[in-house]
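Notes to accompany the following structure.
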Amino acid sequence: MMNVPVLVFASYADAFGARTVDVPVPLPCTVADVVSAMRALPGGHRLPGHVLVAVNHAYAKPGTAVDHGDEVALIPPVAGG
Amino acid sequence: MMNVPVLVFASYADAFGARTVDVPVPLPCTVADVVSAMRALPGGHRLPGHVLVAVNHAYAKPGTAVDHGDEVALIPPVAGG
Amino acid sequence: MTSPERGALVEIVGSAIDLHRLVAHVQHDGIGAIATFLGTVRDLNDGRHVTGIDYEAYQPMAEAEMRAIAAELGVQWEGLSVAMVHRVGTLAVGDVSVAIACAHARRAPAADAMRTAIEALKVRVPIWKREHYVDGEWTWVDPTLRAVAP
Amino acid sequence: MTSPERGALVEIVGSAIDLHRLVAHVQHDGIGAIATFLGTVRDLNDGRHVTGIDYEAYQPMAEAEMRAIAAELGVQWEGLSVAMVHRVGTLAVGDVSVAIACAHARRAPAADAMRTAIEALKVRVPIWKREHYVDGEWTWVDPTLRAVAP
């Protein structure tokens, strides 16, 4: 298992009490694996049923691969403008 | 017959060679009477078949009355913006 | 911040238009969106190279028509704030000829009203323009003779 | 005047947005219309009295998404110039949170692109806002939970 640092924002940052969460996952893995692992962490129960994830600054799918050096972020419902 | 001063703009001012044209009409008369009289004046042949007229800063119909003190203007096709 | 009840800013002006003045006029604490439109003199029109445009207005009627447009927009979109300013005189390529600002609590009315305002201005407000071309020729532009997309 | 080929101006900023800078960026001699949008913090949202908003962005991705939106607009409307700037940090009622400017030879593409840009920004760009209310409460705004007209 590796600890992948995952960026969290807004209400998700409040849920985890941090801006970055170290998530234990085997690498390489998928976006879905990262989200599943995060649900098991303290505060993870506050994530909604569907969570958007970005890998390297682009929206990713559940099956998108995550490996060493990728920048992973959870994207709460956006509200710009 | 009275001389009614009629304001002309843009291409119509070029047609009459003036910004104001004194138009001989009996008063009261109608907008249509004013336009007919203007067609007979020097330059009046350059007016198009349909001419928009404003009376007191509002678009008028051919039957709109024109009397002493009314501000009459011919409105060429507008091109603001 | 100003009150939402203030009237429209409507003017024919003889010098450069300051967009900030229009934005400041329509802005107040109750609005969430401001849509603006700037018309500028472009270097090419109907395939001819333009060097400048003379704008002429029948000022009292032009301002009356713009006030009427603003009033109609305010009926269609309640709570709308409007500013419309048109410049006259000799303009060079790149100069702003007209500026419109529409503000509303929500963005859709602000944007729709802005678009409606410029379309109405172009068909109703007594303003004319004489385009000058690089070859020395000029013409009074007559939009009724053209079939060019807006 | 600048060249029409310059790229889009896309930025997340931490201080007041200068609309003139966006307008200057998109303006060049070939354009005849500039449509702009300003989003401002309003004093009432969903019936609650707002005292201010904290905006937060995932900056590199937000700028990447705005660049992607600008590129897509440029494909849809050839010759379009685009500027999009969003502010982050603590904003008061009346402050401008986002500014967009779209310039084109003709007014319809400029206006349509502006409208498309703000709609795309609101659904794609990773920016969040925490509204503060007069009663001292606050909430992260989640547009997916609401059915309010734009």
Side-chain angles (χ1 to χ4, degrees), chain A residues 3-23 30-32 34-35 37-39 41-81, chain D residues 10-13 17 37-42 45-46 53-69 84-88 91 95-100 114-115 117-131 138-146 148 150:
Chain A
N3 272 333
V4 171
V6 176
L7 304 177
V8 288
F9 299 93
S11 59
Y12 295 178
D14 292 348
F16 289 101
R19 317 288 295 176
T20 308
V21 179
D22 287 324
V23 181
T30 67
V31 158
V34 172
V35 173
M38 293 184 78
R39 293 189 189 283
L41 296 177
H45 66 284
R46 292 172 61 184
L47 291 176
H50 179 69
V51 176
L52 280 176
V53 177
V55 176
N56 300 327
H57 309 151
Y59 288 105
K61 296 175 178 171
T64 300
V66 173
D67 209 338
H68 295 279
D70 287 333
E71 183 169 315
V72 182
L74 298 198
I75 309 295
V78 303
Chain D
V10 160
E11 282 178 3
I12 300 290
V13 299
I17 297 174
F37 179 86
L38 294 174
T40 61
V41 177
R42 71 173 185 273
N45 194 21
D46 285 348
I53 297 182
D54 301 321
Y55 279 94
E56 177 178 332
Y58 179 18
Q59 181 160 350
M61 181 176 171
E63 292 182 347
E65 282 294 318
M66 291 197 290
R67 276 193 296 273
I69 291 168
M84 307 177 79
V85 177
H86 203 296
R87 182 175 174 185
V88 293
L91 277 69
D95 284 347
V96 173
S97 55
V98 61
I100 295 172
M114 174 275 272
R115 190 65 196 282
I118 182 62
E119 299 301 330
L121 183 146
K122 282 177 172 275
V123 298
R124 290 171 53 176
V125 178
I127 297 172
W128 303 275
K129 62 179 171 188
R130 179 165 52 180
E131 282 186 345
W138 57 264
T139 189
W140 289 103
V141 175
D142 180 353
T144 65
L145 300 179
R146 299 187 298 178
V148 174

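The chains referred to below are lettered A, B, ... by the order of the sequence lines, with proteins before strands, and numbering in each begins at 1. These values consider heavy atoms only, across backbone and side chains, with no hydrogens, waters or symmetry-generated copies. Bear in mind the structure is a predicted one, so any value in this text is a computation, not a measurement.
Smallest separation of non-hydrogen atoms from A:P77 and D:D142: CB-OD1, 3.1 Å. In this structure, D:M61 and A:I75 approach most closely via the heavy-atom pair SD-CD1, 3.9 Å. Minimum heavy-atom separation, D:V141 to A:A79: O-CB, 3.5 Å.
Heavy atoms of D:V123 lying under 4.5 Å from chain A belong exclusively to its backbone. With a threshold of 4.5 angstrom between heavy atoms, D:A57 approaches chain A through N, CA, C or O but not through any side-chain atom. With a threshold of 4.5 angstrom between heavy atoms, D:E65 approaches chain A through side-chain atoms but not through N, CA, C or O.
Between chain D and the options A:D14, A:L52, A:N56, A:L7, the largest number of non-hydrogen pairs under 4.5 Å is found for A:D14. Comparing D:S97, D:P60, D:A64, D:G39 by heavy-atom pairs within less than 4.5 Å of chain A, the highest count is held by D:P60. For chain D, the option among A:A58, A:A10, A:G80, A:S11 with the highest count of heavy-atom pairs below 4.5 Å is A:A10. Between chain A and the options D:R124, D:R87, D:R130, the largest number of non-hydrogen pairs under 4.5 Å is found for D:R124. When the candidates A:A13, A:A73, A:P76 are compared by the number of heavy-atom contacts under 4.5 Å with chain D, A:P76 comes out ahead.
The CZ atom of D:R67 lies 10.0 Å from the NE2 atom of A:H57; values are rounded to the nearest 0.5 Å.
Of the possible donor and acceptor atoms, none in the side chain of D:W128 sits under 3.5 Å from a partner among the backbone N and O of A:F9. The main-chain N or O of A:V8 is never found under 3.5 Å from a side-chain atom of D:Y58 such that the two would form a donor-acceptor pair.
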